[in-house]
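Below is one structure, written out as structure tokens; comments come after it.
Numbered from 1 within each chain, the chains take letters A, B, ... in sequence-line order.
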Amino acid sequence: MTDLAHPDRIAKVTRLREQGIDPYPARGIQGTPAAELSAGAGTPDEPGPLLGQSVTVTGRLLGMRDFGKLIFAPVQDLSGRVQTGWQRDSLTDWWPQRKNYDGGDIVAVTGELGHTQKGEPTVWATKVTMLSKAVAPPPEKWHGLTDTEQRYRRRYVDLWATPEVTQVFIKRSKILSVIRTYLEGEGYLEVETPTLHPLMGGAAAKPFITHHNALDMDLFLRIAPELYLKRLIVGGLERVFEFARNFRNEGLSTRHNPEFTMLELYEAQADYHRMIELTEGMISLACTAVNGDNKATFREVEYDFTPPFKRASYLELFKEHAGCEYDDQAAVHAKAKELGISDTGEYPKLMNDVFEACVEDTLTGPIFVMDYPVEICPLAKAKPEDPRVAERFEIFVAGMELGNAFSELNDPEEQERRFVDQVASKDPESPGAVDYDYVNALEYGMPPAGGFGLGIDRLVMVLTGQDSIRDVLLFPAMRPQTQAAIETTPEEAGV
RNA sequence: GGGCGCGUAGCUCAGUCGGUAGAGCAAUUGGCUUUUAACCAAUAGGUCCUAGGUUCGAUCCCUAGCGCGCUCACCA
């Protein structure tokens, strides 16, 4: 037992057992959702279809009020709450053990559905069954859990103590479901690719490194599924998508969690224009699924996701906000200095840093930023009409990058050259070795293809109006709380 | 990693201009058959985040650390 278990409640567990009652019975009891009972009872003036029927409700006891010979005991389940009324005269045999029941306990209550004098739908109990005794007391009934640390650490309490939290995660599930259904309707195949990668690639980020004992080799937790999914396009699967959990060994913020979910999809014979169509389609559907229409309010600003979204050219945005041409190195260096951006010696990175500093905050969105300089797009195909830029877009909402797409590079020679350049780069986030197996895949011929990656967590933030990525992750990354957890090394844990 | 803020009962919070702490809810006991933040009375519950320092005395002041939040940096 931890010190959260209350001695009085532990004593009640013993008392229940002494009375021959199992406080943790093996079988559950199926009931009717609380919300259905509330609705089904109607009002005293307009009785609902369930009024007067014998019903059962199963859930957590919260907010009990004891009047001596009558106890009002609301029961909460996933659907909501319904009040139950326990009367001594209807529960004669059971009555003496009522004191073994506390707020937080999981119970089943059976009885006739009726109303109180004030018209509150109420299950008038003829039977009360303990399904699980809570030895830890619930949070304070009015304020609930407000300490964000406690909410994230003890989500198993937060979810029922803060009902809005549950709604966010129900919406997250709906968003995933709608996107999946949409893509399947477009002929896409959902696939799963490795999470343990022998080489890092498909994005630029610091990786987590782990070790496989039997193979005696280091492996990277994937930072992106991109190169595997494109291998499947070479393999002829034509349209594939994956809800990929990616891992990046970088800082935490309201927009960053070390593991996050990215939807990536690839479509043969498509280009980035087709990716725009899919992006607009899935985001609009997802928004409607959770908000009823194409509007979502995020950080006190309303966004409209009715297609088509705005488009703007990277080069033009650069000129407009940075005040110089993207390839005017002297001017860009001057601008970088003015903004206090450190120069790593890589001009394309510096140029893009200037773009991000000058432009990103202005991208209220939803907006597609189109046609990025080819130097910062190692996996994208150059635009035939203007080889200075790659056929790539990023979609922004609230100044936040939500997704990234391009017409995929499928020239093996060009790909190999760009990989070699990356490896030679001083950037510590560049891959350490060329992925020759991927080059080899391209040598077999990858059809022209469009690809797209969408940050699911950020999309959920925007669509559900949550300011922090932690509020859309059930268990956001936190430092371990207990000293024991900190001091237990992997070896001690038997790993 | 930098800056700012916070850390007191199971929960939500007061408070002590330095003399080892209180309220409400939760819990326990008693009362109450129509409440819905029920009510009334009583009881119990605290390493005041940790470790040093200053002091006759530290929960309070100082230093360091730990944890959390916000923010900046980082972030294809």
Q: Determine the Euclidean distance between corresponding C1' atoms of B/C25 and B/A9; express it in Å to zero decimal places.
A: 12 Å

Q. Base, sugar-phosphate, or nothing: which does A/Gly85 touch, judged by heavy atoms less than 4.0 Å apart?
A. nothing

Q.
Please name the nucleotide paired to B/G1 by Watson-Crick or G-U wobble geometry with both distances under 3.5 Å, or report none.
A. B/C72

Q.
Just by distance, no angles: are the side chains of A/Asp471 and A/Tyr152 close enough, under 3.5 Å, to form a donor-acceptor pair?
A. yes

Q: Please determine, for B/G45, whether a Watson-Crick or G-U wobble partner exists with both distances under 3.5 Å, and give it or none.
A: none

Q | Value in whole Å for how far the P atom of B/U34 lies from CD of A/Glu112 | A | 19 Å

(Q) Distance check needed: B/U33 P versus A/Arg65 CZ, whole Å only. (A) 16 Å

Q) Does a nitrogen or oxygen in the side chain of A/Arg153 sit under 4.0 Å from OP1 or OP2 of B/C68? A) yes

Q) Counting side-chain heavy atoms from C-beta on, which of B/C11, B/U36, B/U33 comes nearest to A/Leu145? A) B/C11

Q. What's the closest nucleotide to the A/Leu70 side chain, out of B/U34, B/C68, B/A76?
A. B/U34

Q. Using atom P of each nucleotide, how far apart are B/A58 and B/G19 to the nearest Å?
A. 11 Å

Q. Salt bridge between A/Arg245 and A/Glu259, side-chain N to carboxylate O under 4.0 Å?
A. yes

Q: Locate the shortest heavy-atom distance separating A/Arg98 from A/Gly68; write the atom from each residue and the value.
A: NE-O, 4.2 Å

Q.
Students often get this wrong, so: under 4.0 angstrom with heavy atoms, is A/Ile71 touching a base, only sugar-phosphate, or nothing?
A. nothing

Q. If the C1' atom of B/A42 is compared with that of B/U54, how far apart are they to the nearest Å?
A. 44 Å

Q: Answer yes or no: is there a donor N or O on one side and an acceptor on the other, between the side chain of A/Glu280 and the main chain of A/Phe309, under 3.5 Å?
A: yes

Q: Name the nucleic acid region contacted by A/Asp147, choosing base, sugar-phosphate or nothing; use a 4.0 angstrom heavy-atom cut-off, strictly under.
A: sugar-phosphate

Q: Can you see which heavy atom on A/Ser38 is nearest to which on A/Arg81, and at what distance?
A: OG-O, 3.3 Å

Q.
Does the structure show a Watson-Crick or G-U wobble partner for B/G67, both distances under 3.5 Å? Name it, or say none.
A. B/C6

Q.
Students often get this wrong, so: under 4.0 angstrom with heavy atoms, is A/Thr116 touching a base, only sugar-phosphate, or nothing?
A. base

Q: Write down the distance separating the P atoms in B/C62 and B/G5, rounded off to the nearest Å.
A: 12 Å

(Q) I'd like the P distance from B/A37 over to B/U43, given in whole Å. (A) 28 Å

Q: Report yes or no: is the cationic atom of A/Arg155 (NZ for Lys, CZ for Arg) under 6.0 Å from the centre of the six-membered ring of A/Phe475, at an angle within 45° of the ring normal?
A: no

Q: Check whether any side-chain nitrogen or oxygen of A/Thr146 sits under 4.0 Å from OP1 or OP2 of B/U12, and answer yes or no.
A: yes

Q: Side chain of A/Asp66 only, please: which of B/U71, B/U34, B/C32 is the nearest?
A: B/C32

Q.
Any carboxylate oxygen within less than 4.0 angstrom of a Lys/Arg side-chain nitrogen, looking at A/Arg311 and A/Glu394?
A. no

Q. Of all the nucleotides listed (B/U36, B/C74, B/C68), which has the minimum atom distance to the side chain of A/Lys206?
A. B/C74

**Q.** Separation between the P atoms of B/G24 and B/A14, rounded to whole Å
**A.** 16 Å

**Q.** Paired nucleotide for B/G57 [Watson-Crick or G-U wobble; both distances under 3.5 Å]
**A.** none

Q) Which part of the nucleic acid, if any, lies within contact of A/Trp86, taking any heavy atom under 4.0 Å across all strands shown: a base, the sugar-phosphate backbone alone, or nothing? A) nothing

Q.
Base, sugar-phosphate or nothing for A/Glu356? Non-hydrogen atoms, less than 4.0 Å.
A. nothing

Q) Between B/C32 atom P and A/Trp95 atom CH2, what is the distance in whole Å? A) 11 Å

Q) Which nucleotide in the set B/C68, B/A76, B/U34 lies at the smallest distance from any side-chain heavy atom of A/Gln117? A) B/U34

Q: Please state the C1' separation for the pair B/U29 and B/A21 - nearest whole angstrom.
A: 25 Å

Every protein N/O within reach of nucleotides 41-45 of chain B N/O, cut-off under 3.5 Å:
none

Q. Any idea how A/Tyr228 and A/His197 line up, ring-wise: parallel (<30°), tilted (30 to 60°), or perpendicular (>60°)?
A. tilted

**Q.** Aromatic plane relationship, A/His333 with A/Tyr347 - under 30° parallel, 30 to 60° tilted, over 60° perpendicular
**A.** tilted

Q. Whom does B/G18 pair with, Watson-Crick or G-U wobble, provided both distances fall under 3.5 Å?
A. none

Q | B/U34 and B/C39, which share atom name C1', separated by this distance in whole Å | A | 13 Å

(Q) By the 4.0 Å heavy-atom rule, please label A/Glu250 as base, sugar-phosphate, or nothing. (A) sugar-phosphate

Q | d(CG, A/Asp89; C1', B/U33) in whole Å | A | 8 Å

Q.
Checking side-chain polar atoms at under 3.5 Å, does A/Thr84 have a donor or acceptor matched by the opposite partner on A/Trp86?
A. yes

Q: Side chain of A/Ser468 only, please: which of B/A38, B/U33, B/C70 is the nearest?
A: B/C70

Can you check nucleotides 25-27 of chain B for protein contacts, nitrogen or oxygen pairs under 3.5 Å, and list what you find?
| from | atom 1 | to | atom 2 | distance (Å) |
| --- | --- | --- | --- | --- |
| B/C25 | O3' | A/Lys141 | NZ | 3.4 |
| B/A27 | O2' | A/Asp8 | OD2 | 2.2 |

Q) Between the side chains of A/Ser468 and A/Thr254, does any donor sit under 3.5 Å from an acceptor? A) no

Q) Roughly, in whole Å, what's the span from CG in A/Asp421 to P in B/A76? A) 18 Å

Q. What nucleic acid atoms does A/Ser253 come within less than 4.0 Å of, heavy atoms only: base, sugar-phosphate, or nothing?
A. nothing

Q) Judged by modelled atom types alone, do A/Ser79 and A/Glu36 share a side-chain donor-acceptor pair under 3.5 Å? A) no

Q: Using whole Å, report how far CZ of A/Arg151 lies from C1' of B/U12.
A: 14 Å

Q: Map A/Gln83 and A/Gly144 onto RNA chain B by nearest heavy atom, then report which one ends up closer to the 5' terminus.
A: A/Gly144

Q: Could you state the atom-to-atom distance from CG of A/Leu252 to C1' of B/G1 in whole Å?
A: 13 Å

Q.
Within the supplied structure, the quantity of interest is the number of heavy atoms (other residues, nucleotides, ligands) at a distance under 6.0 Å from A/Leu78 CG; does it exceed 12?
A. no

Q: Measure the distance from CD1 on A/Ile469 to P on B/C70 and round it to the nearest whole Å.
A: 12 Å

